[in-house]
Protein chains: 2
Amino acid sequence: MADLVYQKIITSLKKSIDDGEYSDMRLPDERSLAESYSVSRSSIKRALGLMADQGIIFKKRGSGTFVNPLYLKQGSSFSYSGKNLGITDSFNANGQKPGVKVLKFDVVHPDKDLQDNLFLKPSEFVYSFERLRFLDDVPFMIETGYIPIKLAPELSEQIASESIFNYVESELGKEVNKTYLTISAQPSDEEGKELLNLSANEPVGLMEGIFFLDDGTPFEFSTMKLHYKYFKYDSFVDLGNK
Amino acid sequence: MADLVYQKIITSLKKSIDDGEYSDMRLPDERSLAESYSVSRSSIKRALGLMADQGIIFKKRGSGTFVNPLYLKQGSSFSYSGKNLGITDSFNANGQKPGVKVLKFDVVHPDKDLQDNLFLKPSEFVYSFERLRFLDDVPFMIETGYIPIKLAPELSEQIASESIFNYVESELGKEVNKTYLTISAQPSDEEGKELLNLSANEPVGLMEGIFFLDDGTPFEFSTMKLHYKYFKYDSFVDLGNK
DNA sequence: GTATAAAATTGGGCCGCTCCAATTTATGAA
DNA sequence: TTCATAAATTGGAGCGGCCCAATTTTATAC
């Protein structure tokens with residue numbers, strides 16, 4: 001990625017862990033690491049802090065830093081491929097080929113809910129679109145999205161059939177990299193049964209997301225209905241009992 | 001909470017935001033904040049960094065720090081009551097009174113899956129228990145948990161009927177504060193229909209969690225089946241398109 | 001006016017140090 | 001040997017500084 005000190009340390013430490021260099025599951029103390037990497041303790045702390053946030057290691061004041069024993073295992077629920085999966089523009093599935101079909105593409109006024117979520121006035125317009133997403137030609141997700149026209153004036157059905165976020169980044173020079181996500185589940189509705197080939201008793205997973213530009217502007221409100229077999233969200237959580 | 005500098009700054013800044021002190025949605029620059037709070041810029045950075053992680057503010061190099069416009073709003077999908085809701089030992093529901101009923105409580109050998117997830121040998125024993133949880137006397141969740149006996153030798157059905165984590169903390173002096181969570185959904189099975197009063201087409205939300213002690217020891221593996229109407233998980237995600 | 005270039009602003013990264021708190025280890029008395 | 005105490009270890013918090021990169025603002029030229 002970048003040539004940042006703490007990033008390189010993370011990469012290096014991960015490799016050391018993978019190579020089984022810390023057979024006792026214990027990392028060297030921060031001061032030693034700082035010396036052996038010839039960097040400041042601050043940089044070591046930054047690296048270890050991030051790794052702890054990702055659940056790779058555990059830090060305990062007074063005793064040391066330890067490898068998460070499940071980080072190495074295969075087959076356990078731990079996959080650790082990334083922090084939080086499931087919501088990339090191009091659902092980076094495991095080798096499966098993604099597809100998109102645009103079902104609707106309109107310009108409308110936002111309803112009250114949308115006005116709140118995208119911080120809009122009732123008079124402003126939003127693009128409204130519906131997309132069906134595929135993995136290896138199998139439909140797995142119905143996506144309903146809303147984007148204020150003022151934020152992406154040139155948006156088109158053509159762009160929606162490819163990647164909206166890529167367009168925003170390359171053509172508008174903006175970046176979408178934060179989301180507020182609400183995850184839930186529902187019985188499948190008519191649309192779900194039809195488009196996702198669900199039977200009556202099979203549910204959909206629901207992911208409602210507000211996507212933000214890097215300066216905090218709410219950019220898109222999206223409702224994603226997923227076939228329940230494709231619905232999986234992993235996360236490492238700090239319960240913060242403090 | 002604590003009397004840490006960066007915590008106090010976070011509290012203060014949140015208040016300022018709530019009070020509408022930054023009507024242009026823009027916070028003072030870090031150097032100014034450091035001066036006005038009479039702290040180092042490092043502490044300001046730490047405070048702002050944490051607030052950015054929580055989605056309260058957005059930082060953009062070169063331009064400044066901005067309040068998330070949705071942080072203030074009501075009615076929007078944003079609740080922001082905490083970081084990630086949904087998984088406290090005593091599901092801290094909004095004023096609703098929690099209840100627990102222990103359905104099963106045994107000691108067994110772990111199967112292969114459990115051995116992986118709790119890092120156990122086949123010969124070791126685990127407590128196996130099933131609990132039904134209520135909110136205002138309405139059942140909403142079936143919980144199946146496994147805890148190695150070596151980690152909590154004195155565990156009992158009595159303790160399971162109250163709070164296991166509170167017991168661990170107060171009696172064993174350990175702390176459970178990290179979880180690896182996998183979230184998904186399923187059609188309701190017989191157990192769900194019966195105990196959660198679900199009809200055939202109504203699903204359950206599934207949360208599989210591995211709970212860790214503060215030193216990284218996997219402490220409990222838990223499968224939580226939730227009535228879909230009580231199943232909601234909020235999170236603020238960094239998509240990390242970097 | 002408008003486009004270009006320079007300067008100022010602002011957050012990012014890194015250093016190296018001090019002091020502190022939690023924990024572990026070593027010490028020594030009973 | 002046991003147990004209380006002291007010392008050493010280890011991560012946490014905080015400071016104040018340096019330089020850099022992205023962005024915005026200002027100044028300058030045409």
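Heavy-atom basis, side chains included; hydrogens, waters and symmetry copies ignored.
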[X] [atom1] to [N] [atom2]: how many Å, rounded?
X      : N      : atom1 : atom2 : result
B/K45  : D/dG16 : NZ    : P     : 16 Å
B/L4   : D/dG12 : CG    : P     : 12 Å
A/R31  : C/dC17 : CZ    : C1'   : 11 Å
A/L27  : D/dG11 : CG    : P     : 9 Å
B/D238 : C/dG12 : CG    : P     : 12 Å
A/R61  : C/dT24 : CZ    : P     : 13 Å
A/F66  : C/dA22 : CZ    : P     : 17 Å
A/L213 : D/dA22 : CG    : P     : 19 Å

Whether [X] side chain and [Y] backbone form a donor-acceptor pair below 3.5 Å:
X      : Y      : result
A/H109 : A/E124 : yes
A/R26  : A/S63  : yes
B/T217 : B/L213 : no

5' precedence on DNA chain C between A/I44 and B/S32 (nearest-nucleotide basis):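 Going by which nucleotide is closer to the 5' end, it is B/S32.
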
Could you pick out which residue, B/D214 or B/S42, lies toward the 5' side of DNA chain C when each is mapped onto its nearest nucleotide? B/S42

Using a distance-only criterion (donor-acceptor N/O pair, under 3.5 Å, no hydrogens), is the base of D/dG14 paired with the side chain of B/R46?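 Per atom types, no contact qualifies.
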
So for A/R41 and D/dG11, does any side-chain atom that can act as donor or acceptor lie under 3.5 Å from a complementary atom in the base?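 By the distance-only test, yes, there is a pair.
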
Aromatic contact between A/Y146 and A/Y127, with the criterion being ring centroids under 6.0 Å apart: yes or no? no

Among [options], which nucleotide has an atom closest to any side-chain atom of [X]?
X     : options                : result
A/S40 : C/dT18, C/dG12, C/dC15 : C/dC15
A/K59 : D/dG12, C/dG11, D/dT23 : D/dG12
B/S43 : D/dA22, C/dA21, D/dC15 : D/dC15

Does B/Y6 put a side-chain nitrogen or oxygen below 4.0 Å from OP1 or OP2 of D/dA13? yes

Within the pair A/S63 and D/dG11, is there a side-chain N or O less than 4.0 Å away from OP1 or OP2?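 Checking A/S63 against D/dG11: no side-chain N or O falls below 4.0 Å of OP1 or OP2.
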
Ring pair (Phe, Tyr, Trp, His ring centres under 6.0 Å) with A/F211: which of A/F219, A/F165, A/F221? A/F165

